[in-house]
S.K.: 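Mind looking over this structure? Questions follow.
Just the heavy atoms: all of them, side chains too, but no hydrogens, waters or symmetry mates, feed the values below. Model, not experiment: these values are computed from the prediction.
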Amino acid sequence: MDHRKARKIYWLCLLIGSIVMVLGALVPDEILQKIIMGVGMAIYIIGFIVAFCFIRCPYCRGALDWRGFSPDYCQHCGKKI
Ligand SMILES: [Zn+2]
């Protein structure tokens with residue numbers, strides 16, 4: 001997986017995870033609320049795991065900045081990515 005695709009998945013997981021957690025908070029049933037919020041949290045965590053594993057330079061494996069857009073050059077080795 002390249003770092004651009006990983007970044008998209010990361011943002012998507014954060015977005016979907018947030019929506020699921022907000023929807024979960026609106027559910028009147030307490031047990032169901034905990035389950036839905038747990039699922040939202042899991043999606044959120046998956047996003048962070050994907051970011052941690054795959055938002056990296058393909059040359060030096062250095063971690064790239066997770067925020068904002070994909071950089072054109074690696075901040076560690078300076079290669080075009
Ligand atoms: Zn690099």
Side-chain angles (χ1 to χ4, degrees):
M1 189 181 332
D2 68 63
H3 66 98
R4 284 172 214 279
K5 197 191 259 178
R7 189 179 300 267
K8 276 185 199 132
I9 293 168
Y10 166 64
W11 284 114
L12 216 60
C13 284
L14 256 53
L15 187 72
I16 294 167
S18 307
I19 292 167
V20 170
M21 278 191 274
V22 168
L23 290 178
L26 299 173
V27 173
D29 187 81
E30 201 177 312
I31 296 162
L32 199 62
Q33 191 178 56
K34 283 200 177 105
I35 294 168
I36 294 171
M37 287 182 88
V39 170
M41 190 64 92
I43 295 168
Y44 217 84
I45 291 166
I46 289 167
F48 279 108
I49 293 169
V50 168
F52 182 77
C53 295
F54 298 108
I55 301 183
R56 285 177 183 275
C57 170
Y59 300 101
C60 68
R61 307 302 300 158
L64 302 171
D65 199 348
W66 293 1
R67 289 161 299 168
F69 296 101
S70 295
D72 288 328
Y73 297 93
C74 173
Q75 66 221 54
H76 302 286
C77 64
K79 282 198 171 117
K80 194 166 165 49
I81 49 175

S.K.: Taking atom SG of Cys77 and atom CZ of Arg61, what is their separation to the nearest 0.5 Å?
M.R.: 11.5 Å
S.K.: Flag yes if Leu12 and Val20 sit in one hydrophobic cluster, no otherwise; membership is Ile, Leu, Val, Met, Phe, Trp, Tyr, and two members link when side-chain heavy atoms are under 4.5 Å apart.
M.R.: yes
S.K.: Would you compute the distance between atom CG of Leu15 and atom OH of Tyr44 and round it to the nearest 0.5 angstrom?
M.R.: 10.0 Å
S.K.: Answer yes if Leu32 and Met21 sit in the same cluster of Ile, Leu, Val, Met, Phe, Trp and Tyr residues linked by side chain heavy atoms under 4.5 Å apart, and no otherwise.
M.R.: no
S.K.: Find the distance between CG (Leu23) and CD1 (Ile16) and round it off to the nearest 0.5 Å.
M.R.: 11.5 Å
S.K.: May I ask whether Ile49 and Val39 are part of the same hydrophobic cluster, defined by side-chain heavy atoms of I, L, V, M, F, W, Y residues being less than 4.5 angstrom apart, directly or through others?
M.R.: no
S.K.: Which atom names give the shortest non-hydrogen contact between Gly47 and Cys13, and what distance separates them?
M.R.: CA-CB, 3.5 Å
S.K.: Who passes side-chain contact (heavy atoms from CB on, under 4.5 Å) against Phe52, sequence neighbours left out?
M.R.: Arg56, Trp66
S.K.: Decide if atom CD1 of Ile31 counts as having more than 12 heavy atoms of other residues, nucleotides or ligands within a radius under 6.0 Å.
M.R.: no
S.K.: With hydrophobic residues grouped by side-chain heavy-atom distances under 4.5 Å, do Met37 and Val22 end up in a single group?
M.R.: no
S.K.: Applying side-chain contact (heavy atoms from CB on, under 4.5 Å), name anything that partners Ala6, two or more places apart in sequence or on another chain.
M.R.: Met1, Val50, Phe54, Ile55
S.K.: OG/Ser18 to CD1/Ile43 distance, rounded to the nearest 0.5 angstrom?
M.R.: 9.5 Å
S.K.: Same cluster or not: Ile36 versus Met41, using hydrophobic residues (I, L, V, M, F, W, Y) connected whenever any side-chain heavy atoms lie under 4.5 Å apart?
M.R.: no
S.K.: I need the minimum non-hydrogen distance between Ala63 and Gln75, along with the two atoms involved.
M.R.: O-NE2, 3.9 Å
S.K.: Where do Gln33 and Gly24 come nearest, in terms of heavy atoms and distance?
M.R.: CG-O, 2.9 Å
S.K.: Rounded to the nearest 0.5 Å, what's the gap from CD1 on Ile46 to CG on Leu14? Could you check?
M.R.: 12.0 Å
S.K.: Can you tell me how far CZ of Arg4 sits from CG of Leu64, rounded to the nearest 0.5 angstrom?
M.R.: 9.5 Å
S.K.: Kindly give the heavy-atom pair with the smallest separation between Arg7 and Gly68, and that separation in Å.
M.R.: NH1-O, 3.4 Å
S.K.: A side-chain contact here means heavy atoms from C-beta on lying under 4.5 Å apart; do Pro58 and Ile81 qualify?
M.R.: yes
S.K.: Give me each pair satisfying ring pair (Phe, Tyr, Trp, His ring centres under 6.0 Å) with a member in residues 16-40, each pair once, sequence neighbours excluded.
M.R.: none
